[in-house]
Amino acid sequence: MGTPEAGALTEAFEVERRGLFAHAYRMLGAYHEAEDVVQDTYVRALRGWETFERRSSLRTWLYRIATNVCLTVLEGRGRRALSLGLGPDGLGPWLEPLPTDPVDLVTARESVRLAFVVGLHHLAPRQRAVLLLREVLAFSAAETGEALGMSVPAVKSALQRARARLAEVAPARDDVLDATSPRARELLARYMAAWETSDADAFREVLRADASIEPVGSPVSYAGRAACLAFAGPALGSAGDWRMAATEANGQPAAVAWFQGEPYGVAVLTVADDGIVAITLFGNPKVVEPFVREPAPGR
(Lines give C-alpha, C1' and ligand atoms only; values in the text may rest on other atoms or scores of the structure.)
Protein backbone atom coordinates (compact mmCIF):
# COMPACT_ATOMS: atom_id res chain seq x y z
CA MET A 1 0.00 0.00 0.00
CA GLY A 2 1.34 3.42 -0.94
CA THR A 3 1.72 6.23 1.55
CA PRO A 4 -1.36 8.25 0.38
CA GLU A 5 -3.59 5.18 0.57
CA ALA A 6 -2.22 4.23 3.99
CA GLY A 7 -2.83 7.78 5.18
CA ALA A 8 -6.43 7.73 3.97
CA LEU A 9 -7.12 4.44 5.74
CA THR A 10 -5.45 5.62 8.95
CA GLU A 11 -7.48 8.82 8.94
CA ALA A 12 -10.74 6.92 8.43
CA PHE A 13 -9.78 4.40 11.08
CA GLU A 14 -9.08 7.11 13.66
CA VAL A 15 -12.54 8.55 13.07
CA GLU A 16 -14.08 5.16 13.85
CA ARG A 17 -11.65 4.01 16.56
CA ARG A 18 -13.79 4.84 19.58
CA GLY A 19 -16.90 3.37 18.01
CA LEU A 20 -15.02 0.21 17.06
CA PHE A 21 -13.75 -0.13 20.60
CA ALA A 22 -17.26 0.26 22.05
CA HIS A 23 -18.57 -2.34 19.58
CA ALA A 24 -15.81 -4.79 20.50
CA TYR A 25 -16.52 -4.24 24.19
CA ARG A 26 -20.21 -4.99 23.70
CA MET A 27 -19.34 -8.13 21.76
CA LEU A 28 -16.77 -9.37 24.30
CA GLY A 29 -17.59 -7.70 27.61
CA ALA A 30 -13.86 -7.26 28.22
CA TYR A 31 -11.95 -3.97 28.13
CA HIS A 32 -8.50 -5.38 27.42
CA GLU A 33 -9.68 -7.81 24.74
CA ALA A 34 -11.58 -4.97 23.06
CA GLU A 35 -8.37 -2.93 22.87
CA ASP A 36 -6.64 -5.88 21.20
CA VAL A 37 -9.50 -6.24 18.71
CA VAL A 38 -9.19 -2.60 17.66
CA GLN A 39 -5.47 -2.98 17.00
CA ASP A 40 -6.02 -6.23 15.12
CA THR A 41 -8.73 -4.57 13.04
CA TYR A 42 -6.32 -1.86 11.92
CA VAL A 43 -3.61 -4.38 11.02
CA ARG A 44 -6.07 -6.50 9.03
CA ALA A 45 -7.44 -3.43 7.28
CA LEU A 46 -3.94 -2.41 6.20
CA ARG A 47 -3.27 -5.90 4.88
CA GLY A 48 -6.59 -6.11 3.10
CA TRP A 49 -6.75 -2.61 1.68
CA GLU A 50 -5.83 -3.74 -1.83
CA THR A 51 -8.79 -6.13 -1.88
CA PHE A 52 -11.30 -3.56 -0.59
CA GLU A 53 -13.53 -3.06 -3.61
CA ARG A 54 -15.60 -0.21 -2.14
CA ARG A 55 -18.87 -2.02 -2.70
CA SER A 56 -19.68 -0.92 0.85
CA SER A 57 -18.65 2.13 2.85
CA LEU A 58 -15.29 2.15 4.59
CA ARG A 59 -17.13 2.29 7.92
CA THR A 60 -19.10 -0.86 7.12
CA TRP A 61 -15.91 -2.60 6.02
CA LEU A 62 -14.07 -1.72 9.25
CA TYR A 63 -16.96 -2.94 11.40
CA ARG A 64 -17.09 -6.11 9.35
CA ILE A 65 -13.43 -6.78 10.16
CA ALA A 66 -13.86 -5.92 13.84
CA THR A 67 -16.96 -8.09 14.21
CA ASN A 68 -15.28 -11.09 12.66
CA VAL A 69 -12.22 -10.65 14.88
CA CYS A 70 -14.60 -10.65 17.87
CA LEU A 71 -16.30 -13.82 16.63
CA THR A 72 -12.90 -15.52 16.43
CA VAL A 73 -12.12 -14.46 20.00
CA LEU A 74 -15.49 -15.76 21.18
CA GLU A 75 -14.95 -19.06 19.42
CA GLY A 76 -11.68 -19.54 21.28
CA ARG A 77 -13.25 -18.42 24.52
CA GLY A 78 -16.03 -20.98 24.06
CA ARG A 79 -13.50 -23.78 23.69
CA ARG A 80 -11.77 -22.65 26.89
CA ALA A 81 -15.08 -22.49 28.74
CA LEU A 82 -15.87 -26.06 27.78
CA SER A 83 -12.42 -27.23 28.85
CA LEU A 84 -12.96 -25.54 32.23
CA GLY A 85 -16.39 -27.10 32.62
CA LEU A 86 -18.19 -23.74 32.49
CA GLY A 87 -21.82 -23.68 31.41
CA PRO A 88 -23.66 -20.89 29.54
CA ASP A 89 -23.49 -18.62 32.59
CA GLY A 90 -19.77 -19.19 33.24
CA LEU A 91 -18.83 -15.85 31.68
CA GLY A 92 -17.60 -14.01 34.74
CA PRO A 93 -13.87 -14.61 34.29
CA TRP A 94 -13.88 -12.51 31.10
CA LEU A 95 -16.22 -9.70 32.11
CA GLU A 96 -14.54 -6.34 32.81
CA PRO A 97 -15.93 -2.87 33.56
CA LEU A 98 -15.78 -0.17 30.91
CA PRO A 99 -14.55 3.35 31.77
CA THR A 100 -17.07 5.75 30.25
CA ASP A 101 -16.56 9.42 29.56
CA PRO A 102 -19.67 11.50 30.30
CA VAL A 103 -19.00 13.62 27.20
CA ASP A 104 -18.40 10.65 24.90
CA LEU A 105 -21.33 10.70 22.48
CA VAL A 106 -20.06 7.61 20.66
CA THR A 107 -20.65 5.29 23.60
CA ALA A 108 -24.31 5.58 24.58
CA ARG A 109 -24.78 4.64 28.22
CA GLU A 110 -27.71 2.34 27.55
CA SER A 111 -25.69 0.25 25.10
CA VAL A 112 -22.90 -0.46 27.60
CA ARG A 113 -24.93 -0.77 30.81
CA LEU A 114 -23.81 -3.92 32.62
CA ALA A 115 -27.24 -5.55 32.54
CA PHE A 116 -27.31 -5.14 28.76
CA VAL A 117 -23.74 -6.37 28.24
CA VAL A 118 -24.32 -9.41 30.46
CA GLY A 119 -27.59 -10.07 28.66
CA LEU A 120 -25.76 -10.07 25.32
CA HIS A 121 -23.62 -12.94 26.55
CA HIS A 122 -26.69 -15.15 26.73
CA LEU A 123 -26.96 -14.85 22.94
CA ALA A 124 -25.15 -17.00 20.42
CA PRO A 125 -22.18 -14.99 19.06
CA ARG A 126 -23.72 -14.40 15.61
CA GLN A 127 -27.05 -13.41 17.12
CA ARG A 128 -25.16 -10.97 19.33
CA ALA A 129 -23.38 -9.52 16.32
CA VAL A 130 -26.61 -9.16 14.34
CA LEU A 131 -28.39 -7.41 17.20
CA LEU A 132 -25.53 -4.97 17.79
CA LEU A 133 -25.04 -4.15 14.12
CA ARG A 134 -28.76 -3.64 13.53
CA GLU A 135 -29.97 -2.13 16.82
CA VAL A 136 -26.97 -0.22 18.17
CA LEU A 137 -25.03 0.72 15.04
CA ALA A 138 -28.13 1.04 12.81
CA PHE A 139 -26.71 -1.04 9.96
CA SER A 140 -29.26 -2.11 7.37
CA ALA A 141 -30.16 -5.78 7.06
CA ALA A 142 -28.18 -5.88 3.81
CA GLU A 143 -25.10 -4.28 5.39
CA THR A 144 -25.32 -6.65 8.35
CA GLY A 145 -25.62 -9.63 6.03
CA GLU A 146 -22.59 -8.48 4.06
CA ALA A 147 -20.55 -8.04 7.24
CA LEU A 148 -21.41 -11.51 8.53
CA GLY A 149 -21.79 -13.47 5.31
CA MET A 150 -25.52 -14.01 5.88
CA SER A 151 -28.59 -13.57 3.69
CA VAL A 152 -31.05 -10.79 4.50
CA PRO A 153 -33.75 -13.31 5.60
CA ALA A 154 -31.19 -15.01 7.87
CA VAL A 155 -30.29 -11.64 9.40
CA LYS A 156 -33.95 -10.84 10.06
CA SER A 157 -34.52 -14.25 11.64
CA ALA A 158 -31.42 -13.96 13.84
CA LEU A 159 -32.47 -10.48 14.96
CA GLN A 160 -35.93 -11.69 15.93
CA ARG A 161 -34.50 -14.55 18.00
CA ALA A 162 -31.91 -12.26 19.61
CA ARG A 163 -34.54 -9.72 20.64
CA ALA A 164 -36.71 -12.42 22.18
CA ARG A 165 -33.83 -13.95 24.11
CA LEU A 166 -32.52 -10.61 25.33
CA ALA A 167 -36.00 -9.69 26.60
CA GLU A 168 -35.92 -12.87 28.70
CA VAL A 169 -32.51 -12.40 30.31
CA ALA A 170 -31.88 -8.62 30.46
CA PRO A 171 -34.04 -6.93 33.12
CA ALA A 172 -35.92 -3.79 32.23
CA ARG A 173 -34.22 -0.57 33.23
CA ASP A 174 -37.20 0.61 35.30
CA ASP A 175 -36.06 3.35 37.70
CA VAL A 176 -32.29 2.92 37.41
CA LEU A 177 -30.43 6.24 37.56
CA ASP A 178 -27.60 7.44 35.32
CA ALA A 179 -24.19 8.08 36.82
CA THR A 180 -24.70 11.82 36.28
CA SER A 181 -27.78 11.95 38.53
CA PRO A 182 -27.23 13.92 41.78
CA ARG A 183 -28.90 11.09 43.73
CA ALA A 184 -26.59 8.52 42.10
CA ARG A 185 -23.57 10.61 43.07
CA GLU A 186 -24.86 10.94 46.63
CA LEU A 187 -25.34 7.17 46.99
CA LEU A 188 -21.89 6.52 45.54
CA ALA A 189 -20.30 8.96 48.01
CA ARG A 190 -22.11 7.34 50.93
CA TYR A 191 -21.14 3.86 49.72
CA MET A 192 -17.46 4.83 49.57
CA ALA A 193 -17.57 6.55 52.95
CA ALA A 194 -19.11 3.46 54.55
CA TRP A 195 -16.29 1.27 53.30
CA GLU A 196 -13.52 3.73 54.08
CA THR A 197 -14.74 4.09 57.67
CA SER A 198 -15.71 0.41 58.07
CA ASP A 199 -19.25 1.44 59.00
CA ALA A 200 -21.64 -1.50 58.50
CA ASP A 201 -24.66 0.57 59.56
CA ALA A 202 -23.88 3.24 56.99
CA PHE A 203 -23.47 0.55 54.34
CA ARG A 204 -26.83 -0.92 55.31
CA GLU A 205 -28.54 2.46 54.94
CA VAL A 206 -27.62 2.82 51.26
CA LEU A 207 -28.89 -0.64 50.28
CA ARG A 208 -32.40 -1.35 49.11
CA ALA A 209 -34.13 -4.27 50.82
CA ASP A 210 -33.82 -6.28 47.59
CA ALA A 211 -30.20 -5.27 46.88
CA SER A 212 -27.73 -7.80 45.52
CA ILE A 213 -23.97 -8.22 45.38
CA GLU A 214 -22.54 -10.02 42.37
CA PRO A 215 -18.82 -10.84 42.55
CA VAL A 216 -17.62 -11.32 38.97
CA GLY A 217 -16.04 -14.70 38.40
CA SER A 218 -17.70 -16.24 41.45
CA PRO A 219 -20.45 -18.87 41.19
CA VAL A 220 -22.13 -17.29 44.22
CA SER A 221 -24.11 -14.05 44.40
CA TYR A 222 -25.88 -12.48 47.37
CA ALA A 223 -29.54 -11.40 47.18
CA GLY A 224 -31.30 -9.29 49.77
CA ARG A 225 -29.96 -6.73 52.24
CA ALA A 226 -29.28 -9.31 54.97
CA ALA A 227 -27.25 -11.52 52.64
CA CYS A 228 -25.30 -8.52 51.35
CA LEU A 229 -24.43 -7.45 54.89
CA ALA A 230 -23.41 -10.97 55.87
CA PHE A 231 -21.05 -11.10 52.89
CA ALA A 232 -19.67 -7.59 53.26
CA GLY A 233 -19.33 -7.44 57.05
CA PRO A 234 -16.03 -9.36 57.36
CA ALA A 235 -14.63 -7.62 54.29
CA LEU A 236 -15.18 -4.11 55.70
CA GLY A 237 -12.07 -4.59 57.83
CA SER A 238 -10.89 -1.67 59.92
CA ALA A 239 -11.31 2.03 59.27
CA GLY A 240 -8.64 3.10 56.79
CA ASP A 241 -8.13 -0.33 55.22
CA TRP A 242 -10.09 0.74 52.14
CA ARG A 243 -9.50 3.79 49.98
CA MET A 244 -11.80 4.59 47.07
CA ALA A 245 -12.11 6.99 44.15
CA ALA A 246 -15.37 7.88 42.43
CA THR A 247 -15.63 7.08 38.74
CA GLU A 248 -18.10 5.99 36.07
CA ALA A 249 -18.20 2.53 34.52
CA ASN A 250 -20.64 1.29 31.91
CA GLY A 251 -22.59 4.52 32.30
CA GLN A 252 -23.11 3.75 36.00
CA PRO A 253 -21.62 5.15 39.22
CA ALA A 254 -18.58 3.17 40.30
CA ALA A 255 -15.79 3.15 42.86
CA VAL A 256 -12.16 2.23 42.23
CA ALA A 257 -10.90 0.47 45.36
CA TRP A 258 -7.52 -0.01 47.05
CA PHE A 259 -7.12 -2.31 50.04
CA GLN A 260 -4.29 -1.47 52.41
CA GLY A 261 -2.70 0.62 49.68
CA GLU A 262 -2.81 -2.03 46.95
CA PRO A 263 -5.16 -1.99 43.94
CA TYR A 264 -8.15 -4.22 44.58
CA GLY A 265 -10.69 -3.67 41.80
CA VAL A 266 -13.82 -1.75 40.85
CA ALA A 267 -17.35 -1.82 42.25
CA VAL A 268 -20.06 -0.82 39.76
CA LEU A 269 -23.33 0.30 41.32
CA THR A 270 -26.83 0.03 39.94
CA VAL A 271 -28.81 2.70 41.78
CA ALA A 272 -32.37 4.00 42.07
CA ASP A 273 -33.88 6.86 44.04
CA ASP A 274 -34.53 4.58 47.00
CA GLY A 275 -31.02 3.11 47.23
CA ILE A 276 -28.46 0.78 45.71
CA VAL A 277 -30.11 -1.98 43.68
CA ALA A 278 -27.01 -4.01 42.84
CA ILE A 279 -23.24 -3.97 43.34
CA THR A 280 -21.17 -5.72 40.72
CA LEU A 281 -17.72 -6.42 42.16
CA PHE A 282 -14.72 -6.73 39.88
CA GLY A 283 -12.17 -7.95 42.42
CA ASN A 284 -9.25 -7.92 40.02
CA PRO A 285 -6.34 -5.45 40.31
CA LYS A 286 -5.84 -5.32 36.52
CA VAL A 287 -9.19 -3.58 36.01
CA VAL A 288 -8.02 -0.60 38.08
CA GLU A 289 -5.44 0.78 35.64
CA PRO A 290 -7.85 1.91 32.87
CA PHE A 291 -9.75 4.00 35.42
CA VAL A 292 -6.94 5.66 37.38
CA ARG A 293 -3.56 6.75 36.07
CA GLU A 294 -2.38 8.30 39.34
CA PRO A 295 -0.93 6.45 42.37
CA ALA A 296 -3.31 4.99 44.98
CA PRO A 297 -4.82 7.50 47.40
CA GLY A 298 -2.68 8.03 50.49
CA ARG A 299 -3.63 6.30 53.69
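One is the number of the first residue; the rest follow in order along the sequence.
In this structure, the side chain of E196 engages the main chain of M244 through a donor-acceptor pair within 3.5 Å. The closest donor-acceptor contact from the side chain of D241 to the backbone of S238 lies under 3.5 Å. Between the E96 side chain and the Y31 main chain, a donor and an acceptor come within less than 3.5 Å of each other. No donor-acceptor pair under 3.5 Å is formed between the side chain of D178 and the backbone N or O of T180. No donor-acceptor pair under 3.5 Å is formed between the side chain of D40 and the backbone N or O of D36. At distances below 3.5 Å, not a single donor-acceptor pair connects side-chain atoms of E289 with backbone N or O atoms of K286. Although no hydrogens or angles enter the test, the distance criterion places a donor-acceptor pair under 3.5 Å between the side chain of T41 and the main chain of V37. Listed for the R26 side chain is no donor-acceptor partner under 3.5 Å among the backbone atoms of L120. Under a 3.5 Å cut-off, the side chain of W242 and the backbone N or O of A235 do form a donor-acceptor pair. For T247 (side chain) and A254 (main-chain N/O), no donor-acceptor pair under 3.5 Å exists by modelled atom type.
No side-chain heavy atom of V271 sits less than 4.5 Å from a side-chain heavy atom of R183. For the pair R163/R134, no side-chain contact is recorded, criterion being any heavy-atom separation below 4.5 Å from C-beta on. Under the 4.5 Å side-chain criterion, counting only non-hydrogen atoms from C-beta, L137 is not in contact with L132. Two residues are said to be in side-chain contact when any heavy atoms from C-beta on lie closer than 4.5 Å; T10 and Y42 meet this criterion.
Not counting sequence neighbours, A223 has no partner by the side-chain contact (heavy atoms from CB on, under 4.5 Å) test. The side-chain contact (heavy atoms from CB on, under 4.5 Å) check on A154 picks up M150, S151, with sequence neighbours excluded. Residues that satisfy the ring-ring contact (aromatic ring centres under 6.0 Å, His included) test with Y25, not counting sequence neighbours, are absent from this structure.
Using the six-membered ring where Trp is involved, F203 and W195 have ring planes that are perpendicular, over 60° apart on the 30 and 60° scheme. The aromatic rings of Y63 and F139 lie perpendicular to each other, with more than 60° between the two planes, well past the 30° mark.
For the residue pair S181 / R185, no side-chain donor-acceptor distance below 3.5 Å is found, with atom types taken as modelled. Side-chain contact of E146 with T60: a donor-acceptor pair under 3.5 Å is absent, judged by distance alone.
Separating the CD atom in E135 from the OG1 atom in T144 is a distance of 10.0 Å, to the nearest 0.5 Å. Atom-to-atom distance recorded for R64:CZ and L58:CG is 13.0 Å, nearest 0.5 angstrom. Separation of atoms CG (L71) and CG (L148) is listed at 6.5 Å; rounding is to 0.5 Å. Going from atom OH of Y222 over to atom OG of S212 covers 12.0 Å, rounded to the nearest 0.5 Å. Atom-to-atom distance recorded for Q127:CD and Q160:CD is 11.0 Å, nearest 0.5 angstrom. The CG atom of L166 sits 14.5 Å away from the CZ atom of R161 when rounded to the nearest 0.5 Å.
Taking each heavy atom of V136 and S111 in turn, the nearest pair found is CG1-CB, 4.1 Å. Nearest heavy-atom pair, N250 versus P97, reported as atom, atom and distance to 0.1 Å: OD1-CA, 3.5 Å.
For the side-chain hydrogen bond (donor to acceptor under 3.5 Å, both in side chains) criterion with T270, the lone passing option out of Q252, R208, R113, E214 is Q252.
For R204, the CZ atom is loosely surrounded, since the number of other residues' heavy atoms within 6.0 Å does not exceed 12.
Aromatic rings of Y264 and W258 (six-membered ring for Trp) have centroids beyond the 6.0 Å cut-off, not under it.
V277 and L187 sit in two unconnected hydrophobic clusters of ILVMFWY residues. Membership requires side-chain heavy atoms under 4.5 Å apart, directly or through other members.
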